[in-house]
Amino acid sequence: QVQLVESGGGLVQAGGSLRLSCAASGSIFSRNVMGWYRQAPEKEREGVSCISSDGGNTKYADSVKGRFTISRDNAKNTVYLQMDSLKPEDTAVYYCAAKTGLWFFAQAMCLTPSGGMNVWGKGTLVTVSS
């Protein structure tokens with residue numbers, strides 16, 4: 001089973017950028033659909049972005065489309081979330097998650113709050129000040 005560890009969170013001013021990383025270990029990373037999710041205080045978790053096992057397919061929530069970019073490096077067992085033009089409403093704990101399976105089936109629900117994901121990291125806090 002995959003284990004996931006997020007890093008790269010922190011405090012940034014509105015308009016700034018951060019890059020989150022999620023390092024995976026313990027399984028064959030390249031077979032996993034990966035996703036990023038976030039949960040703001042007193043709000044439901046939401047799907048941010050997801051990526052197919054080979055990196056060739058991606059999906060984004062409307063709220064981040066055009067500002068965030070998901071990518072992965074299977075040689076490094078790492079998935080990234082580049083976040084640009086950050087807004088105060090992007091403040092949340094960001095979680096990385098994984099699911100073994102085909103993109104064809106996974107993409108339909110990968111942006112739902114659970115994403116259909118099997119394994120979750122512990123999260124990294126992103127705070128965007130106004």
For this session: Report the C-alpha distance between W120 and Y37 in whole Å, list the side-chain angles of each, state the deciding distance to 0.1 Å, and finish with yes or no for ring pair (Phe, Tyr, Trp, His ring centres under 6.0 Å).
Result: CA-CA 10 Å; W120 293 81; Y37 300 79; 4.9 Å; yes

Problem set entry | Verdict with reasoning, S17 to D84, per side chain to side chain donor-acceptor pair (under 3.5 Å) | CA-CA 4 Å; S17 298; D84 299 318; 2.7 Å; yes

With no hydrogens and no angle check, is any side-chain donor or acceptor of [X] less than 3.5 Å from a backbone partner on [Y]?
X	Y	result
S63	A61	no
T91	V128	yes
N32	M34	no

Heavy-atom distance under 4.5 Å between the side chains of [X] and [Y], does that happen here?
X	Y	result
Y95	T124	no
V48	F68	yes
P88	S130	yes
P113	Q39	no

State yes or no: do [X] and [Y] share one hydrophobic cluster built from I, L, V, M, F, W and Y residues joined by side-chain heavy-atom distances below 4.5 Å, directly or via other members?
X	Y	value
W36	L111	no
Y94	V119	yes
L20	V33	no

Please determine whether a side-chain nitrogen of the Lys or Arg among [X] and [Y] lies less than 4.0 Å from a carboxylate oxygen of the Asp or Glu.
X	Y	answer
K65	D62	yes
R67	D90	yes
K122	E6	no

For this session: Look at atom CZ of R31 and say whether more than 12 heavy atoms of other residues, nucleotides or ligands are closer to it than 6.0 Å.
Result: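 No, the 6.0 Å shell around CZ holds no more than 12 heavy atoms from other groups.
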
Exercise. Has R19 got its NZ or CZ under 6.0 Å from the middle of the six-membered ring of Y80, at an angle within 45 degrees of the ring axis?
Worked result: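 So R19 does make the cation-pi contact.
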
